[in-house]
Amino acid sequence: MLDIKYIREHEEEVQKNCYDRSVRVEIKDLLQVDQGRLALIQEVEGLRQERNTIAEQMKSASDEQRPGLIEKGKSLKELLAVKEAQLAEVEQRWMERMMQVPNLTHPDAPFGQTDEENKEIRKYLDPPVIDQPKSHVEIGKELEILDFERAAEVVGNKFYYLKGKLAILEQALIRFALDEAMEQGYQPITTPDLARDEVMSGTGFMPRGNESQIYSIENQQLSLIATAEIPLAGYHMNQTLTEDQLPIRYVGFSHCYRTEAGAYGRESYGLYRVHQFSKVELFVFAAPNQSDAIHEEMLRIEEQLWQKLEIPYRVVDICTGDLGGPAYRKYDIEAWMPGKVTDNDARGSYGEVTSASNCTDFQSRRLGIRMKQKDGTNVYAHTLNGTALATSRAMIAILENGQRPDGTIVVPKALVPYTGFATLN
RNA sequence: GGAGAGGUGGCCGAGUGGUUUAAGGCAACAGUCUUGAAAACUGUCGUACCGGGAACGGUACCGUGAGUUCGAAUCUCACCCUCUCCGCCA
């Protein structure tokens, strides 16, 4: 959520930012609601002041004065109830609009409408030449290490069983990513896989409603998390951190659950888009002047991971129109996936495997994550999140890039100490 | 899941309807004293929002939400959480 004062004082800039980010919100309309809200606040507070004055007078009132004061108090109460109801209604409309306004945008973020206009920053390694590459689904079936059919029987579409060496490979990936992040000063933390709906929405996810990507629990205000970002952001909610505590770096592990409603076709093939996966996530609470540097640090850690996995990738600077609501700036890493089908039905293309976002104070304002500065004043802390490693997509890249003509798969050297084997066969 | 107890400021803790602008203490910060430190003394010491150029004034917040009342930290209800005991259980 943005600061309403900032919106009031920079109406044009905020409106333009919404256009740039392909978000249709009328700031003029928001500010109109805001004005009505301010007027009502003043009215309600004035009535409350009167009420308090009368209550104060009652303390020392004589028996003759009391009935008159009580009458006055009663009528005030009725009027106040009406005004408070109006205010509550306006507050709700106000909040709905506030929630639609996206974060401001980093001045260096590339301008564009769709993901086509994301800017490639750099590439690592050339894609390997593989004769008749198989997809991870085909590989998984042949080696009997990945089973979608039985999962469909047990839970449904877009779930999977990992078997044998692939089950071990997943555990190896998790520990590998944790170790790499810990090496960079990140504190390991395993989070709950569920969170309260208010934490979901505070972090910028919609837990309920038609277009929700979140599984919610019936009869409880709880949902399955879509990413560890949610419980990690919540870890310091409603707290005031001190400036010298920051930055606080976490590397979290959790399962992630997504309904993926309406997502079908090529971009959903196999493990690429599933209802449940495991993810090691970087999350940092930072002072405002630290967040840009931390953002770069996160990207560097992510790149190192993929370099050690020896997977070709490219780094993409996400354009304005493709940034989500909370992100001020976002870098994705797209790994080469030899079996991934392209637009013209050929095989081999890049697929998103990580995403690092600087959310500045957009999440912390809703979640009440403050920082006490040296001078004693409070500001909102900045939050950043980045994928260290999502196991499902990492396994796609490893299976497809590691395939050899004889049908076996080479495990990246960096993982062998964790797996205990060098090939999948 | 059942029974009981409880949730008050950074921390401890008083407070069962209006003398509470949330007592008192601890911690923290500033000052006095001191060669320095400690002690002692004095002072400061929550957050958010509204109005105002500012000084300042106002409103809300005692787990959360609703209610009773002229008036609620205090009474009622629901929920959340913590502790003790019981049950179940990896």
Side-chain angles (χ1 to χ4, degrees), chain A residues 1-9 30-95 97-99 190-202 207-208 216-223 230-231 234-246 248 255 285 361-381:
Chain A
M1 195 169 70
L2 283 189
D3 182 0
I4 183 63
K5 285 182 196 161
Y6 188 89
I7 300 177
R8 284 178 200 143
E9 288 160 18
L30 164 65
L31 288 178
Q32 219 159 27
V33 174
D34 182 54
Q35 272 192 340
R37 171 175 161 272
L38 285 184
L40 268 171
I41 286 175
Q42 285 170 37
E43 219 174 330
V44 165
E45 289 193 350
L47 289 170
R48 283 180 185 156
Q49 188 179 354
E50 277 187 67
R51 178 197 64 192
N52 292 346
T53 307
I54 289 172
E56 185 67 24
Q57 288 168 348
M58 279 292 285
K59 290 186 201 171
S60 54
S62 65
D63 286 348
E64 296 84 66
Q65 291 170 317
R66 277 173 186 271
L69 285 173
I70 289 175
E71 271 316 304
K72 235 166 126 185
K74 276 187 179 171
S75 61
L76 261 178
K77 184 162 77 165
E78 280 171 32
L79 185 57
L80 189 55
V82 172
K83 289 294 171 188
E84 279 178 338
Q86 283 177 19
L87 180 59
E89 192 265 331
V90 171
E91 288 276 12
Q92 198 191 328
R93 283 197 289 142
W94 183 82
M95 187 53 91
R97 282 161 177 74
M98 284 295 284
M99 297 285 282
T190 304
T191 74
D193 282 353
L194 284 81
R196 290 184 202 283
D197 289 346
E198 64 181 272
V199 183
M200 299 267 169
S201 49
R208 315 257 162 178
S216 43
I217 307 294
E218 196 177 4
N219 299 327
Q220 299 199 49
Q221 308 263 302
L222 293 174
S223 298
I230 294 163
Y235 194 70
H236 288 298
M237 68 189 278
N238 297 323
Q239 292 188 342
T240 304
L241 307 163
T242 57
E243 188 168 357
D244 50 19
Q245 277 180 279
L246 301 176
I248 302 175
H255 297 102
F285 298 88
D361 59 2
F362 193 82
Q363 293 176 325
S364 59
R365 183 167 292 107
R366 266 310 289 287
L367 292 170
I369 304 163
R370 297 197 190 82
M371 180 189 87
K372 188 170 282 297
Q373 299 182 108
K374 295 247 163 59
D375 66 6
T377 59
N378 290 337
V379 293
Y380 288 104

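Side chains included, hydrogens not; waters and symmetry mates left out as well; all remaining heavy atoms used. Sequence lines set the chain letters: A, B, ... in the order given, protein chains first and strands last, and positions in each chain run from 1.
Taking atom P in both B:U21 and B:C62, the straight-line distance is 15 Å, to the nearest Å. If you take atom P in B:A30 and the same atom in B:A37, they sit 12 Å apart, rounded to whole Å. Taking the P atom of each, B:A73 and B:C61 are spaced 7 Å apart, rounded to whole Å. Comparing the same atom, C1', in B:U34 and in B:C41 gives a spacing of 14 Å after rounding to whole Å. Atom C1' of B:C77 sits at a distance of 28 Å from the matching atom of B:G87, rounded to the whole Å. Spacing between B:G10 and B:U44 at atom C1', rounded to whole Å, works out to 15 Å. Comparing the C1' positions of B:C86 and B:U16 gives an interatomic distance of 31 Å, to the nearest angstrom. Taking atom P in both B:C80 and B:A90, one finds a spacing of 26 Å when rounded to whole Å.
Ion pairing of A:Lys74 with A:Glu78 is absent here, as no side-chain N (NZ or NE/NH1/NH2) approaches a carboxylate O to less than 4.0 Å.
Using a 4.0 Å cut-off, some side-chain N or O of A:Arg51 falls inside it from OP1 or OP2 of B:A60. At B:G51, one or more side-chain N or O atoms of A:Gln42 fall inside 4.0 Å of OP1 or OP2 (strictly under the cut-off). At the phosphate of B:C70, neither OP1 nor OP2 sits under 4.0 Å from any side-chain N or O atom of A:Lys72. Proximity of A:Lys372 to the phosphate of B:U47: a side-chain N or O atom is located under 4.0 Å from OP1 or OP2. When the side-chain nitrogen and oxygen atoms of A:Arg66 are compared with OP1 and OP2 of B:G18, none of them lie within a distance under 4.0 Å. Within the structure, every side-chain polar atom (N or O) of A:Lys74 is placed at least 4.0 Å from both OP1 and OP2 of B:U69.
Under the Watson-Crick or G-U wobble criterion, with both distances below 3.5 Å, B:U69 has no partner in any strand shown. Searching all strands for a Watson-Crick or G-U wobble partner of B:G17 with both distances below 3.5 Å returns nothing. Checking B:C88 for Watson-Crick or G-U wobble geometry (two distances, each under 3.5 Å) identifies no partner in any strand. Pair assignment for B:A38: none, as no Watson-Crick or G-U wobble contacts are both less than 3.5 Å. The partner of B:C11 is B:G25, judged by Watson-Crick or G-U wobble contacts that both fall below 3.5 Å. Pairing for B:C79 is with B:G63, a Watson-Crick or G-U wobble pair whose two hydrogen-bonding atom distances lie under 3.5 Å. With a cut-off of 3.5 Å on both Watson-Crick or G-U wobble distances, the partner of B:C45 is given as none. Base-pair partner of B:A54: not found among the strands shown (Watson-Crick or G-U wobble, both distances under 3.5 Å).
Of the candidate nucleotides B:C81, B:U59, B:C70, B:U59 has the atom lying nearest to any side-chain atom of A:Gln49. Checked against B:C80, B:U47, B:C70, the side chain of A:Arg196 finds its nearest nucleotide in B:C80. With B:U59, B:C80, B:A48 as the candidates, the nucleotide lying closest to the side chain of A:Arg48 is B:U59.
Scanning all heavy atoms of the two residues, the minimum distance from A:Met200 to A:Ser223 falls at CE-O, 3.4 Å. Summarising the geometry of A:Phe285 relative to A:Leu246, their closest heavy-atom pair is O-CD2, 3.4 Å, with the distance given to 0.1 Å.
Using modelled atom types, one side-chain atom of A:Ser201 and one backbone atom of A:Asp197 make a donor-acceptor pair closer than 3.5 Å.
Residue contacts for A:Leu38: at a heavy-atom cut-off of 4.0 Å it reaches the sugar-phosphate backbone alone, with no base atom in range.
When rounded to the nearest whole Å, the span between CG of A:Asp34 and C1' of B:C49 equals 12 Å. The CG-P distance, from A:Leu80 to B:C70, rounds to 13 Å in whole Å. One interatomic measurement links the two molecules: CG of A:Asn52 to C1' of B:U21, which rounds to 12 Å at whole-angstrom precision. What separates CG of A:Asp3 from P of B:C50 is a distance of 9 Å, to the nearest Å. The nearest whole Å value for the distance from the CZ atom in A:Arg365 to the P atom in B:A48 is 12 Å. Distance, A:Met58 CE to B:A72 P: 12 Å, rounded to whole Å. The separation between A:Glu84 atom CD and B:G65 atom P is 13 Å, rounded to whole Å. Protein atom CD of A:Glu198 is 9 Å distant from nucleotide atom C1' of B:U64, rounded to whole Å.
Side chains of A:Met237 and A:Glu198 form a contact here, defined as non-hydrogen atoms less than 4.5 Å apart.
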Inset, instruction - Could you give me the CA-CA distance, side-chain angles and deciding distance for A:Leu38 and A:Gln35, then say whether side chain to side chain contact (heavy atoms under 4.5 Å, CB included) is met? - result: CA-CA 5 Å; A:Leu38 285 184; A:Gln35 272 192 340; 5.7 Å; no
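With A:Glu43 as the partner, the side chain to side chain contact (heavy atoms under 4.5 Å, CB included) test is satisfied by one option alone out of A:Arg48, A:Lys83, A:Gln86: A:Lys83.
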